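The structure under discussion appears below in the form of structure tokens.
Keep in mind that the numbers below use all heavy atoms, side chains included, and drop hydrogens, waters and symmetry copies. Bear in mind that the values here come from a model prediction, so they are computed numbers and not experimental data.
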Amino acid sequence: MTTRTCPCGRPESYDACCGRFHSGLAAAPTAEALMRSRYSAFVKGDTGYLLRTWHPRTRPEHLDLDPGMTWTGLEILGSTEGSAFHATGTVTFRASYRGGSLHERSRFERVDGAWVYVDGDFLD
């Protein structure tokens with residue numbers, strides 16, 4: 001990742017990619033786009049966005065991120081459904097951080113037309 005690319009791994013700038021979702025200028029059009037934007041929110045420490053994009057039935061009251069956590073990359077391993085034509089979807093990914101990685105299959109649903117994170121299963 002260079003300083004000109006988005007933390008989610010796409011070649012676009014942060015502002016043109018996940019930044020527009022974080023600022024509220026646009027909504028993630030797919031479950032994968034939401035997952036990428038949530039990863040970028042973890043990188044940026046944007047707890048407000050993470051909570052706003054969490055399903056109301058599974059969302060915690062607050063979220064305390066570890067300020068010492070350094071995220072280093074995201075790899076999308078697969079997805080099911082999650083397009084503009086679906087109500088649910090999954091995204092399987094590996095998120096790397098200094099000292100290890102997180103392998104998860106996340107579930108997403110639409111609430112009032114917007115994609116939200118429901119929950120996930122750790123795979124490793």
Side-chain angles (χ1 to χ4, degrees):
M1 178 176 80
T2 70
T3 58
R4 291 178 287 198
T5 60
C6 189
C8 79
R10 294 253 187 228
E12 295 89 3
S13 70
Y14 168 74
D15 289 340
C17 192
C18 294
R20 64 196 171 110
F21 305 140
H22 295 174
S23 70
L25 292 175
T30 65
E32 181 180 325
L34 180 67
M35 210 257 38
R36 287 180 175 278
S37 71
R38 286 178 56 82
Y39 170 82
S40 290
F42 275 102
V43 171
K44 299 280 189 177
D46 189 344
T47 57
Y49 181 78
L50 291 166
L51 290 169
R52 282 192 311 276
T53 58
W54 209 311
H55 198 291
R57 78 171 181 263
T58 58
R59 178 177 44 224
E61 285 190 35
H62 60 54
L63 187 60
D64 296 318
L65 299 181
D66 179 354
M69 176 69 83
T70 301
W71 295 99
T72 59
L74 175 67
E75 180 184 8
I76 302 297
L77 302 172
S79 63
T80 61
E81 298 185 333
S83 77
F85 304 104
H86 298 110
T88 62
T90 67
V91 179
T92 303
F93 66 92
R94 179 171 278 108
S96 299
Y97 55 89
R98 189 175 299 144
S101 67
L102 169 73
H103 186 194
E104 182 178 313
R105 181 176 302 111
S106 294
R107 283 180 284 283
F108 299 88
E109 291 180 11
R110 284 186 184 268
V111 172
D112 297 328
W115 285 107
V116 292
Y117 170 77
V118 178
D119 60 18
D121 295 320
F122 296 116
L123 301 175
D124 286 342

Rounded to the nearest 0.5 Å, what separation is found between the CG atom of Leu123 and the CZ atom of Arg105?
-> 5.0 Å
May I ask you to check whether over 12 heavy atoms, not counting those of Arg110, lie within 6.0 Å of atom CZ?
-> yes
Does anything in residues 5-20 pair up under salt bridge (charged side-chain N to carboxylate O under 4.0 Å, His left out), and if so which pairs, sequence neighbours excluded?
-> Arg10-Glu32
Could you tell me which non-hydrogen atom of Gly89 sits nearest to which non-hydrogen atom of Trp115, and how far apart they are?
-> N-CZ3, 4.0 Å
Contacts of Tyr49 that satisfy ring pair (Phe, Tyr, Trp, His ring centres under 6.0 Å) - sequence neighbours left out | His22
Using side-chain hydrogen bond (donor to acceptor under 3.5 Å, both in side chains) as the criterion, list what pairs up with Thr90, not counting sequence neighbours.
-> Thr80
Are Leu74 and Phe108 in one and the same hydrophobic cluster, where Ile, Leu, Val, Met, Phe, Trp and Tyr link if side-chain heavy atoms are under 4.5 Å apart?
-> yes
Can you pull the salt bridge (charged side-chain N to carboxylate O under 4.0 Å, His left out) pairs that have at least one residue in residues 68-88, sequence neighbours excluded?
-> none
In the hydrophobic clustering (ILVMFWY, side-chain contacts below 4.5 Å, transitive), which residues join Tyr14, or is it alone?
-> none
Supply the atom-to-atom distance Leu50 CG to Arg59 CZ, rounded to the nearest 0.5 angstrom.
-> 11.5 Å
If only atom types and distance count, is the side chain of Thr30 paired as donor or acceptor with the main-chain N or O of Gly82 below 3.5 Å?
-> no
Across all chains, not counting sequence neighbours, the side-chain hydrogen bond (donor to acceptor under 3.5 Å, both in side chains) partners of Tyr117 are Glu104
Sequence neighbours left out, what passes salt bridge (charged side-chain N to carboxylate O under 4.0 Å, His left out) with Arg98? Give chain and number order.
-> none
Could I get the full list of side-chain contact (heavy atoms from CB on, under 4.5 Å) partners for Pro29, not counting sequence neighbours?
-> Phe21, Ala33
Pair listing, salt bridge (charged side-chain N to carboxylate O under 4.0 Å, His left out) test, anchored in residues 113-124, at least two apart | Arg94-Asp124, Arg107-Asp119, Arg107-Asp121
Nearest heavy atoms of Ser40 and Cys8, plus distance in Å | OG-N, 3.2 Å
Mind listing the side-chain donor-acceptor pairs of residues 60-70 below 3.5 Å, one per line with the distance, residues two or more places apart or on another chain?
from: Asp66; atom 1: OD1; to: Gly68; atom 2: N; distance (Å): 2.8

Could you give the distance from SG (Cys6) to CZ (Arg36), rounded to the nearest 0.5 Å?
-> 9.0 Å
Are any side-chain N or O atoms of Thr58 and backbone N or O atoms of Val118, one a donor and one an acceptor, separated by less than 3.5 Å?
-> yes
Any ring pair (Phe, Tyr, Trp, His ring centres under 6.0 Å) involving residues 79-104? Give me the pairs, sequence neighbours left out, ordered by first then second residue.
-> Trp71-Tyr97
Establish whether Leu34 and Leu51 are linked, either directly or via other cluster members, by ILVMFWY side-chain heavy-atom contacts under 4.5 Å.
-> yes
